[in-house]
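Atom set for the values below is all heavy atoms of this structure, side chains included, hydrogens, waters and symmetry mates excluded. All values reported here derive from a predicted model rather than from experimental measurement.
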Amino acid sequence: MDQMNHRNGNYAPIRDQEDPVLGIFDKPLPCFGCGIGWFSLLLGFVFPVMWYYAAFLYFGKYYHRDPRERTGLQASAIAALICTTAVFIVVAVFVIKSLLP
């Protein structure tokens with residue numbers, strides 16, 4: 001059957017008969033093939049707002065569309081948490097120094 005479709009010019013998608021979900025993720029990831037999460041992580045070192053954007057996508061369960069995005073979005077969410085903690089510590093130090101005589 002597949003050979004007949006191939007001869008007629010009709011191509012069948014590559015899928016596993018037992019697991020039809022397997023062929024869904026054959027397309028490349030967006031953002032130069034590395035995915036939104038990893039791209040946001042790398043770009044976040046220049047524009048930290050990208051970490052918060054990716055964290056928002058992570059907590060909004062964007063990775064349900066494509067599970068390959070999960071690790072990059074997790075890494076960006078962790079980077080956003082570290083950045084927020086560092087900013088709070090720096091602000092707290094400046095506030096305490098300004099209050100002391």
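Within the hydrophobic cluster formed by Ile, Leu, Val, Met, Phe, Trp and Tyr side chains joined at under 4.5 Å, directly or through other members, Ile78 is accompanied by Ile82.
Evaluation of the side chain to side chain donor-acceptor pair (under 3.5 Å) test over residues 72-94, restricted to residues two or more places apart or in two chains, returns Tyr52-Thr84, Tyr58-Gln74.
With rounding to the nearest 0.5 angstrom, the CZ atom of Arg70 is 8.0 Å from the NZ atom of Lys61. The distance from atom CG of Leu73 to atom CH2 of Trp51, rounded to the nearest 0.5 Å, is 15.0 Å.
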Indicate every side-chain donor-acceptor pair of residues 94-101 with a distance under 3.5 Å to a residue at least two apart or in another chain.
residue: Ser98; atom: OG; partner: Phe94; partner atom: O; Å: 3.3
residue: Ser98; atom: OG; partner: Val95; partner atom: O; Å: 2.8

Check: residues 33-45 side-chain donor-acceptor pairs under 3.5 Å, at least two apart:
residue: Ser40; atom: OG; partner: Ile36; partner atom: O; Å: 2.8

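The hydrophobic cluster containing Phe47 also contains Leu57, counting ILVMFWY residues as joined when their side-chain heavy atoms lie under 4.5 angstrom apart, directly or transitively.
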